[in-house]
Amino acid sequence: MKGAKEQANITITMADGVFGYPFRRLFWSPPIFREWSGSTALMDWLESPTAHIFKINVPGFSKDDIKVQIEDGNILHIKGEGGKEEPHAKDTVWHVAERGTGKGGFSREIELPENVKADQIKAQVENGVLTIIVPKDATQKSSRVRNINITSKL
């Protein structure tokens, strides 16, 4: 029996093969392209009437350890590079190491909807939670349909 992640990858591959890449969003929501997580950077994505709100668990990361960028116009890229763990004496004995070594990181890329104000994105980290506010653009976008004039000669 296939795992859920493997099944999701098969579904995406089938959607890409049958409908092409632009139609992936119809089969996979939210449209997260890539995620690598050396730590557990769990995320909530909420939508209010005025903004998209992302809340990401980033325990142990300071604001200097985290980068939030917009790539290719609408890809929100969030990356964290872990700080250094406190040095321990050579004669220290580890009994349990569940928190990791502190050198892990995470990276997430999220395709944002078209109706956002990418130039007004704000982010803050507090108590181990990174909050990113992406305001919505309330102005009506021009229609993507454009009539092409047909002539008898090119």
Side-chain angles (χ1 to χ4, degrees), residues 1-87 94 96-146 148:
M1 181 173 244
K2 294 181 177 155
K5 190 170 186 171
E6 186 178 353
Q7 187 63 38
N9 287 338
I10 291 169
T11 302
I12 289 173
T13 304
M14 287 173 37
D16 285 352
V18 175
F19 298 105
Y21 177 78
F23 295 97
R24 178 183 289 186
R25 293 183 68 167
L26 299 174
F27 295 96
W28 189 253
S29 182
I32 298 173
F33 289 126
R34 180 175 58 199
E35 172 187 356
W36 172 80
S37 186
S39 68
T40 53
L42 303 175
M43 179 179 77
D44 292 337
W45 180 350
L46 305 118
E47 183 176 356
S48 75
T50 59
H52 291 274
I53 303 155
F54 298 90
K55 292 186 175 269
I56 303 165
N57 288 351
V58 292
F61 289 86
S62 72
K63 67 178 187 142
D64 298 326
D65 297 331
I66 302 169
K67 271 190 183 174
V68 178
Q69 300 174 317
I70 292 291
E71 298 174 353
D72 300 326
N74 71 332
I75 305 298
L76 181 64
H77 188 168
I78 306 146
K79 182 177 182 180
E81 294 182 5
K84 305 290 185 242
E85 181 72 21
E86 306 161 6
W94 286 78
V96 178
E98 294 178 339
R99 298 183 318 119
T101 62
K103 296 179 183 174
F106 67 91
S107 178
R108 295 193 83 144
E109 290 185 356
I110 303 148
E111 181 181 0
L112 295 173
E114 292 181 18
N115 67 334
V116 299
K117 297 178 181 177
D119 58 332
Q120 295 180 15
I121 295 174
K122 294 182 180 175
Q124 84 168 30
V125 65
E126 183 178 9
N127 296 328
V129 177
L130 172 65
T131 302
I132 303 170
I133 308 290
V134 182
K136 288 183 179 179
D137 189 355
T139 60
Q140 193 71 301
K141 300 276 185 193
S142 63
S143 173
R144 289 188 158 234
V145 176
R146 190 181 110 209
I148 306 298

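Just the heavy atoms: all of them, side chains too, but no hydrogens, waters or symmetry mates, feed the values below. Sequence positions, counted from 1, serve as the residue numbers for this chain. What you see is a predicted model, and the numbers here were worked out from it, not measured in a lab.
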Closest non-hydrogen atoms of I133 and P135, given as atom of the first, atom of the second and distance, are O-CD, 3.5 Å

- Task: Decide side-chain contact (heavy atoms from CB on, under 4.5 Å) for V58 and I66; before the verdict, give the C-alpha distance in whole Å, the side-chain angles of both, and the deciding distance to 0.1 Å.
- Result: CA-CA 9 Å; V58 292; I66 302 169; 3.9 Å; yes

Exercise. Do I53 and V134 touch side chain to side chain, with heavy atoms closer than 4.5 Å?
Worked result: no

Minimum side-chain heavy-atom gap I56-L42 below 4.5 Å:
no

Practice item. Find out whether V68 and H77 are in side-chain contact, i.e. whether some heavy atom of one side chain is under 4.5 Å from a heavy atom of the other. Key: no

Across all chains, not counting sequence neighbours, the salt bridge (charged side-chain N to carboxylate O under 4.0 Å, His left out) partners of K55 are none

Here the side chain to side chain donor-acceptor pair (under 3.5 Å) pairs for residues 127-136, sequence neighbours left out, are E47-K136

Sequence neighbours excluded, the answer for side-chain contact (heavy atoms from CB on, under 4.5 Å) partners of T50 is S48

Output for pair (S107 OG, K67 NZ), nearest 0.5 Å, gives 11.0 Å

### Query
Is I78 close to I132 at the side-chain level, that is, under 4.5 Å between some pair of heavy atoms?
yes

Checklist entry - With a 4.5 Å heavy-atom cut-off, do E109 and E71 have their side chains touching? => result yes

*Tell me, with the steps shown, if D72 and E111 meet side-chain contact (heavy atoms from CB on, under 4.5 Å).*
CA-CA 10 Å; D72 300 326; E111 181 181 0; over 6 Å; no

d(L76 CG, I110 CD1) to nearest 0.5 Å is 5.0 Å

F54 and M43 have their tightest heavy-atom pair at CD2-SD, 3.9 Å

Which donor-acceptor pairs under 3.5 Å do side chains of residues 116-125 form with protein atoms, sequence neighbours excluded?
residue, atom, partner, partner atom, Å
Q124, NE2, E126, OE1, 3.1

Sequence neighbours excluded, the answer for salt bridge (charged side-chain N to carboxylate O under 4.0 Å, His left out) partners of K63 is none

Run the numbers on N57 and V129 for side-chain contact (heavy atoms from CB on, under 4.5 Å), then give the verdict.
CA-CA 5 Å; N57 288 351; V129 177; 4.2 Å; yes

Smallest heavy-atom separation, P113 atom then W45 atom, equals CD-CZ2, 4.2 Å

